[in-house]
Amino acid sequence: MFSKVASGRTGVSRLSVYQQVLGDDFDALDPQLRRYFGPIPDGFVGVGSGRYRAAGLHVRALRPLFAVLARRGIAFVEYGTDVPFTVRNIPHPDGALSAVRTFDFANGTRAMRDVMRVADGRLVDWIGARGEIEVELSMRVSEGRLRMKSERIALRLFGLRVPVPRVIRVLLTEQALPDGAQRVDLRMLAPVIGEIYGYSGDFTYEVRRDA
């Protein structure tokens, strides 16, 4: 792992993982984004739904690798436009936040799973059913938007942990829209190749009691 993560109920902050890392900068987010990135009360979950204008893998040569990732809830090999999706954010007693994102492609539904934790003051995302990918993220607020960038990535498959070359970058932007929705744009980039994988679209979000 990149760093040691504190766990357990004692002394766990009720702030969200994003608030813990952003500190005072959290207040500079658009109010809609503060609702999305803020804390979720006990007994509640965050639920969003919308459509991606485009989503999926851009480089066909990487399909064998992404097929492995798809089986582990990390990514998918499909590419589509106007793709319906949902996201479900679930708070944990230890302060972590897990999410399940579903993508309804024409040939079937795909799911991505991750758990975010604060480790030594940094935001670390464990992606996959068993945290097969670790991504350390930096964050900054700009004009009410939240921008995230991968600082370190490691792949954990078949009992091995392999750092991914730092030339691979993941960029994520979340912004509020005038109609009350929000827009998400995620891109995985590499030199020369450009965008390898990503998704971009709009969705609405609410915090509701967990049934």
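We use all heavy atoms of the structure for the numbers below, so side chains are in, but hydrogens, waters and symmetry mates are not.
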Main-chain N/O of Val135 paired to Ser150 side chain as donor or acceptor, under 3.5 Å = no

task = Kindly indicate whether the side chain of Val124, heavy atoms from C-beta on, has any atom under 4.5 Å from the side chain of Arg117.
result = no

request  = Flag yes if more than 12 heavy atoms outside Arg72 fall under 6.0 Å of its CZ atom; otherwise flag no.
outcome  = yes

Flag, side chain of Asp125 to backbone of Ile127, donor-acceptor distance under 3.5 Å = no

task = Could you tell me whether Arg53 atom CZ has more than 12 heavy atoms of other residues or ligands within 6.0 Å of it?
result = yes

inquiry  = Taking atom CZ as the centre, does Arg51 end up with more than 12 heavy-atom neighbours from other residues, nucleotides or ligands that are less than 6.0 angstrom away?
reply    = yes

task = Determine the sole option in Thr102, Thr109, Asp104 for which the side chain to side chain donor-acceptor pair (under 3.5 Å) test with Thr86 is passed.
result = Thr102

Heavy-atom pair with the smallest gap, counting every atom of Pro91 and Phe44 = CD-O, 3.5 Å

query = Under 3.5 Å, is there a donor-acceptor pair between the side chain of Arg166 and the main chain of Glu151?
reply = yes

key: Minimum-distance pair of heavy atoms, taken over all atoms of Ala176 and Asp30   = CB-OD1, 3.3 Å

inquiry  = Is the ring pair Phe203/Phe85 parallel, tilted or perpendicular, if the boundaries are 30 and 60 degrees?
reply    = perpendicular

remark   = Leu33 and Arg145 have their tightest heavy-atom pair at CD1-CA, 4.0 Å

inquiry  = I want to check something: taking the side chain as every heavy atom from C-beta on, are Tyr18 and Met148 in contact at a cut-off of under 4.5 Å?
reply    = yes

ask   = Is there a donor-acceptor pair closer than 3.5 Å between any side-chain N or O of Gln175 and the backbone N or O of Gly144?
value = no

ask   = Could Asp185 and Arg187 be called an ion pair, given the rule that one side-chain N must be under 4.0 Å from one carboxylate O?
value = yes

side-chain contact (heavy atoms from CB on, under 4.5 Å) partner of Arg169, chosen from Ile196, Ile153, Leu189 = Leu189

task = If a pair satisfies side chain to side chain donor-acceptor pair (under 3.5 Å) and one of its residues is in residues 33-47, list it, with sequence neighbours excluded.
result = Arg14-Asp42

request  = Assign the ring pair Tyr199 / Tyr197 to parallel, tilted or perpendicular, where the plane angle (0 to 90°) is split at 30° and 60°.
outcome  = perpendicular

